[in-house]
Amino acid sequence: MSAIRILLLIVIITLIAQIPAVQQILVWERADILAGQWWRIVTGNLTHTNLAHVAMNLSALAVLTYLHRQYYQMRSMVIMVWSMMLVIGLVMFFAPFDWYAGLSGVLHGLFVWGVVRDIQNKVPLGWPLLIGAFAKMSYEAYSGGDALTAQIIDAGVAYQAHWAGAIVGLLFALLWKPTRAPETQK
């Protein structure tokens with residue numbers, strides 16, 4: 001199964017996770033996790049607050065998948081995405097939220113991972129994109145997040161999840177060496 005198929009599987013699972021009865025048992029909910037429902041640490045990343053939220057996140061996933069498709073490898077992608085979801089779910093215990101939903105932390109991680117791969121492959125826009133990503137996340141941490149985005153998704157912007165995903169993406173890009181050279185873009 002190719003890495004692109006893994007990302008397509010994430011899309012399908014994310015859409016299924018929006019069914020209210022399914023979402024209710026998957027969303028990151030502090031009290032339920034503390035009561036022993038540990039899977040929510042990971043699955044909360046697949047749930048969303050509303051249709052606009054899921055549409056924004058899946059659109060971003062499609063764009064990132066296209067932009068960095070030449071770097072994807074199945075094994076590393078599975079391990080990286082699961083690691084991001086786990087770390088994000090754990091970091092959210094230190095955030096002031098009792099519940100969390102969204103894929104944006106993973107998206108920030110995939111973006112940072114991809115632009116670091118660009119830098120490693122001498123793509124000129126890699127450095128400005130990486131600096132821009134960390135500037136954006138720093139602004140979110142300073143300001144509490146974009147008010148318009150919070151209004152659209154009907155929830156606070158969990159910049160903690162963005163940082164957690166970005167750090168995992170950065171670590172994977174720096175520490176996990178590809179098993180083959182990246183394919184050329186077509």
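Not measured: the values here are computed from a predicted model.
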* With a 4.5 Å heavy-atom cut-off, do Leu58 and Leu15 have their side chains touching? -> yes
* When rounded to the nearest 0.5 angstrom, what is the spacing between OG in Ser138 and CH2 in Trp163? -> 4.0 Å
* To do: Please report the shortest heavy-atom distance between Ala60 and Leu107, naming the atom on each side.
  => CB-CD1, 3.8 Å
* Structure fact -> Rounding to 0.5 Å, atoms OG1 (Thr65) and CG (Leu110) come to a distance of 7.5 Å
* Asked: What do you reckon, is CG of Leu34 surrounded by more than 12 foreign heavy atoms closer than 6.0 Å?
  -> yes
* Closest approach of Trp176 and Arg75, non-hydrogen atoms and distance? -> CZ2-NH1, 3.9 Å
* Can you label the angle between the His53 ring and the His48 ring as parallel, tilted or perpendicular, going by 30° and 60°? => perpendicular
* Separation between CG of Asp98 and CH2 of Trp28, rounded to the nearest 0.5 Å -> 7.5 Å
* Which heavy-atom pair separates Leu130 from Val112 by the least distance, and what is that distance? -> CD1-CG1, 3.9 Å
* Exercise: identify the closest heavy-atom pair between Tyr100 and Ala158 -> CE1-CB, 3.6 Å
* Check the pair Gln37 / Ile25 against side-chain contact (heavy atoms from CB on, under 4.5 Å), numbers first and verdict last. => CA-CA 9 Å; Gln37 297 178 16; Ile25 62 171; 6.0 Å; no
* Asked: Is there side-chain contact between Trp113 and Met77, with at least one heavy-atom pair below 4.5 Å?
  -> yes
* So, is the end of the Arg69 side chain (NZ or CZ) under 6.0 Å from the ring centre of Tyr72 and within 45° of the ring's axis? -> no
* Asked: So Tyr139 and Tyr142, would you call those rings parallel, tilted or perpendicular, with 30° and 60° as cut-offs?
  -> tilted
* What residues, two or more places apart in sequence or in another chain, satisfy salt bridge (charged side-chain N to carboxylate O under 4.0 Å, His left out) together with Arg40? -> Asp32
* Structure fact -> For Gly169 and Met84 the tightest heavy-atom approach is CA-CE, 3.7 Å
* Which atom names give the shortest non-hydrogen contact between His68 and Asp118, and what distance separates them? -> NE2-OD2, 3.3 Å
* Asked: Quick one: does Arg30's side chain get under 4.5 Å of Phe93's, heavy atoms only?
  -> yes
* Asked: Does the side chain of Ile10 reach to within under 4.5 Å of the side chain of Val106, using non-hydrogen atoms?
  -> no
* Asked: From Leu86 CG over to Leu90 CG, what is the distance, rounded to the nearest 0.5 angstrom?
  -> 4.5 Å
* Asked: Hey, quick one: are Ile88 and Trp99 part of the same hydrophobic cluster, counting side-chain heavy atoms closer than 4.5 Å, chains of contacts allowed?
  -> no
* State yes or no: do Ile167 and Leu174 share one hydrophobic cluster built from I, L, V, M, F, W and Y residues joined by side-chain heavy-atom distances below 4.5 Å, directly or via other members? => yes
* **Val22 reachable from Leu51 in the ILVMFWY side-chain graph, under 4.5 Å edges** => no
* Flag yes if more than 12 heavy atoms outside Trp82 fall under 6.0 Å of its CH2 atom; otherwise flag no. => no
* To do: Calculate, to the nearest 0.5 Å, the distance between atoms OG1 and CG belonging to Thr14 and Leu9 respectively.
  => 9.0 Å
* To do: Using modelled atom types only, decide if a donor and an acceptor are shared between the side chain of Glu140 and the backbone of Ala135 within a distance under 3.5 Å.
  => no
